Number of protein chains: 4
Amino acid sequence: MSGARCAAPEGEPVPQRLLAAATRLFAERGYDRTSVQEIVEAAGVTKGALYHYFGSKDDLLHEVYGRVLRLQQERLDAFAGSRAPVETRLREAAADVVVTTIENLDDTTIFFRSMHHLGPEKLAQVRAERRRYHERFRALVEEGQRSGVFTAATPADLVVDYHFGSVHHLGAWYRAEGRLSAQQVAGHLADLLMRALRP
Amino acid sequence: MSGARCAAPEGEPVPQRLLAAATRLFAERGYDRTSVQEIVEAAGVTKGALYHYFGSKDDLLHEVYGRVLRLQQERLDAFAGSRAPVETRLREAAADVVVTTIENLDDTTIFFRSMHHLGPEKLAQVRAERRRYHERFRALVEEGQRSGVFTAATPADLVVDYHFGSVHHLGAWYRAEGRLSAQQVAGHLADLLMRALRP
Amino acid sequence: MSGARCAAPEGEPVPQRLLAAATRLFAERGYDRTSVQEIVEAAGVTKGALYHYFGSKDDLLHEVYGRVLRLQQERLDAFAGSRAPVETRLREAAADVVVTTIENLDDTTIFFRSMHHLGPEKLAQVRAERRRYHERFRALVEEGQRSGVFTAATPADLVVDYHFGSVHHLGAWYRAEGRLSAQQVAGHLADLLMRALRP
Amino acid sequence: MSGARCAAPEGEPVPQRLLAAATRLFAERGYDRTSVQEIVEAAGVTKGALYHYFGSKDDLLHEVYGRVLRLQQERLDAFAGSRAPVETRLREAAADVVVTTIENLDDTTIFFRSMHHLGPEKLAQVRAERRRYHERFRALVEEGQRSGVFTAATPADLVVDYHFGSVHHLGAWYRAEGRLSAQQVAGHLADLLMRALRP
DNA sequence: CATGAATGAGTGTTCATTCAT
DNA sequence: GATGAATGAACACTCATTCAT
């Protein structure tokens with residue numbers, strides 16, 4: 001009866017097991033095609049346990065978002081805050097967001113596909129954090145434009161949306177078993193961005 | 001009974017009214033947050049009428065897809081087939097897909113967000129048409145790379161995914177009432193692509 | 001466009017084609033699993049045509065019943081009214097109802113399975129005709145019992161229900177492609193009845 | 001709120017109440033004239049409760065079948081396995097199936113009228129159990145035919161179908177408030193069978 | 001005579017959530 | 001902390017029937 005019968009090991013704490021199961025299922029079949037029943041079965045717990053730790057189904061979604069937002073914000077802060085020249089900082093940040101997106105492809109796929117299932121106040125919160133991330137990235141572009149190492153022909157926020165568009169889109173085509181590693185893809189996409197910014 | 005009480009004018013034929021209502025609602029709140037009941041109310045008809053013309057809810061989605069796929073394929077064919085130099089042809093195609101995406105922002109938003117709700121065989125069909133579109137675009141990039149007017153540093157399909165990523169992403173940020181017109185956005189995004197391809 | 005494309009030949013009049021199609025479909029999948037749409041498609045006409053000739057879906061059922069009731073009543077009248085000895089008359093009637101049931105197995109299967117779908121007044125009418133048929137048959141049994149050629153140990157109506165039970169049940173097991181012909185089955189069942197009635 | 005307002009007493013467990021309500025309604029108006037809504041109202045619970053215990057509407061039907069099949073199989077085993085002479089064993093089995101059919105007339109009426117509403121795999125299972133029952137009964141007939149106490153003029157399976165036909169048919173005419181008790185009917189029908197088998 | 005678009009009440013089923021234990 | 005029976009509103013979809021043409 002006990003032991004390692006289910007995918008989620010009983011060693012890990014219940015909330016983590018629930019979150020892991022939900023993440024996998026949301027990415028596999030989408031938020032609304034996944035029932036709470038399926039999540040608790042995959043996590044090897046009962047419905048009561050889920051509602052003990054999470055207020056609702058979309059709380060789970062919110063937690064997934066929190067995880068990926070926190071991760072990306074932290075990494076961006078690290079790259080942007082270095083003392084390297086701006087083109088190095090932007091390049092590394094641009095490549096890193098690709099790598100971490102691929103490494104957490106489930107989370108980010110869910111992010112961009114299921115946002116609209118959050119309730120209004122959680123959605124507002126997520127959007128605010130997202131905007132902060134965008135602005136931080138945009139500041140790097142603007143810094144380079146002001147100092148002349150990047151062309152100012154294109155408004156900085158368009159540049160940011162251009163790059164992030166391709167990042168969002170990774171879930172639509174990137175396959176781990178494919179020809180290119182995460183690092184190779186990141187290198188190529190960062191190259192494209194840097195070339196597009198040459199004066 | 002008569003008059004302009006509902007959003008969908010009674011003058012138009014019922015199938016068009018249904019499709020218009022569905023498109024708007026799918027774009028506003030997503031495919032599965034939209035009930036069939038809401039669609040028929042918005043169109044001013046009854047459920048029976050909907051199922052008289054469409055086999056299922058996801059038939060409506062499929063019709064939206066058909067419309068946008070046909071439109072984009074035709075426009076790409078026109079641009080790609082011209083006699084202009086390859087950099088002109090690619091630039092115009094790249095800008096045009098932005099303009100038509102913005103002009104049909106509801107349809108394209110639905111497209112990229114709700115694809116996974118189609119049944120397997122409809123999904124396969126849509127994906128096949130989508131792939132053809134991609135390949136046509138990629139052929140332009142490769143032509144330029146072979147003739148040396150574009151850099152070959154980045155594989156052509158990555159370039160295409162890079163550009164289309166930003167196109168898919170338009171629905172996430174473009175607002176008609178914003179600062180930039182569709183043409184201006186298209187010009188900027190095409191510039192970014194062309195600069196990224198400079199040798 | 002014209003010709004013999006559909007199962008129901010266009011040569012036959014429309015009401016007959018409808019009735020034939022309905023009979024086949026009712027027997028195949030039951031009354032409620034058959035939609036009016038399927039009937040008209042199988043008959044190669046439109047819904048309007050059906051409602052032109054028949055007042056409702058259960059009118060079709062009623063017509064099927066009428067056909068089989070009329071047929072069986074007529075045949076029973078013929079056998080019962082002959083001048084042969086009563087044991088011959090009963091035996092022949094008992095065998096004949098088996099043969100005609102098998103020859104119209106679709107109709108009779110529908111009859112015994114779908115009766116309860118008729119509206120109250122049609123149901124009453126069918127039941128009345130059915131009862132007349134039963135009574136006619138019972139009269140033969142009683143005649144033989146009074147004259148001593150049949151045992152009177154079992155009440156005549158139980159005898160009739162015994163025999164008709166096995167007739168109703170034919171649809172559950174008889175297969176045209178099976179080992180026994182309709183006549184052989186009829187012979188055996190009539191034998192069983194006659195032996196059961198021996199004094 | 002409390003009290004004896006509904007047919008199903010609140011003392012009994014919910015699944016039993018649902019099954020009892022379903023049995024009664026299926027027998028009264030047939031499987032498909034009975035809606036799930038009517039069943040839950042009769043049982044005094046909600047739809048959610050029904051689907052908590054039963055996977056689907058036809059699961060209810062299947063449960064009814066299971067009950068009657070189990071009962072009849074057990075009783076037949078008891079009678080067939082006794083040490084009495086074969087004519088006694090067959091007579092008692094033939095009479096007993098009539099008594100238990102009458103005592104569970106709702107269940108058996110449903111059985112013979114609604115079988116075809118089961119899904120394919122459930123139907124196959126029920127048919128297999130039914131066939132076992134038939135074969136057990138047929139073995140008794142064959143045993144008597146081999147030993148010469150029964151005539152071999154009629155094939156044994158025809159004899160079995162003859163008798164079971166009349167059993168199936170009981171629901172069509174037997175009324176508890178009628179002239180004959182279950183035992184009396186059973187006696188008469190067993191008599192008919194035994195007389196029909198006399199050499 | 002016949003059409004087929006349109007109706008509207010109805011179907012079985014799902015599911016996030018609650019709460020007595 | 002955790003259970004799982006029970007809720008109740010919502011869901012996509014069906015279909016016999018009607019009626020303007």
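Every chain is numbered from 1 and lettered A, B, ... according to where its sequence line falls, protein lines coming before strand lines. Every heavy atom of this structure was used, including side-chain atoms; hydrogens, water molecules and symmetry mates were not. Source: prediction; values computed, not measured.
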Handout entry: Under-4.0 Å side-chain N/O to phosphate OP1/OP2 contact, His52(B) with dA5(E)
Key = yes

Problem - Length of the CG-P vector between Asp58(A) and dC15(E), whole Å - result: 17 Å

Handout entry: N or O in side chain of Tyr51(D) less than 4.0 angstrom from dT14(E) OP1/OP2
Key = no

Problem - Phosphate-side-chain proximity, Ser35(D) and dT11(E), N/O vs OP1/OP2 below 4.0 Å - result: yes

Handout entry: Atom pair distance, as rounded to whole Å: CG in Asp59(D) and P in dG12(E)
Key = 14 Å

Problem - Of the listed nucleotides dG4(E), dG4(F), dT7(F), the one nearest the side chain of Lys47(A) - result: dG4(F)

Practice task
Kindly check if the number of other-residue, nucleotide or ligand heavy atoms within 6.0 Å of CZ (Arg33(D)) is above 12?
Solution key: yes

Handout entry: 5' precedence on DNA chain E between Asp32(D) and Pro15(B) (nearest-nucleotide basis)
Key = Pro15(B)

Exercise for the section: May I ask you to check whether over 12 heavy atoms, not counting those of Arg29(A), lie within 6.0 Å of atom CZ? Expected result: yes

Fill in the blank from the handout: To the nearest angstrom, the CG-C1' distance between Leu50(C) and dC1(E) comes to 14 Å

Practice task
Rounded to the nearest angstrom, tell me the gap between atom CG in Leu18(B) and atom P in dC13(F).
Solution key: 14 Å

Fill in the blank from the handout: Taking a pair to mean Watson-Crick or G-U wobble geometry with both distances below 3.5 Å, dT17(E) pairs with dA6(F)

Exercise for the section: Look at all strands and tell whether Lys57(C) reaches a base, only sugar-phosphate, or nothing, counting heavy atoms closer than 4.0 Å. Expected result: sugar-phosphate

Problem - Phe54(D) CZ to dT14(E) P, straight-line distance once rounded to whole Å - result: 15 Å

Problem - Side-chain donor-acceptor contact under 3.5 Å, Gln125(C) with Glu121(C) - result: no

Practice task
Using whole Å, report how far NE2 of His117(D) lies from P of dT11(E).
Solution key: 14 Å

Exercise for the section: Tell me which nucleotide among dG12(E), dA6(E), dA6(F) gets nearest to the side chain of Val14(B). Expected result: dA6(E)

Handout entry: Given DNA chain E, 5'-ward residue of the pair Thr46(B) and Tyr31(D), judged by closest heavy atom
Key = Thr46(B)

Fill in the blank from the handout: Residues Thr34(B) and Lys57(B): closest non-hydrogen pair is O-NZ, 2.8 Å

Handout entry: Nucleotide dA6(F), atom C1' - distance to CD of Gln37(A) in whole Å
Key = 13 Å

Problem - Side chain of Ala49(D) - closest among dT7(F), dT3(E), dT3(F) - result: dT7(F)

Exercise for the section: Answer whether the closest heavy-atom distance between the side chains of Phe26(C) and Thr109(C) falls below 4.5 Å. Expected result: no

Completion exercise
Closest of dG1(F), dT17(F), dA16(E) to the Tyr53(A) side chain is dG1(F)

Practice task
Rounded off to whole Å, could you give me the CD-to-P distance for the Glu41(A) and dT14(E) pair?
Solution key: 13 Å

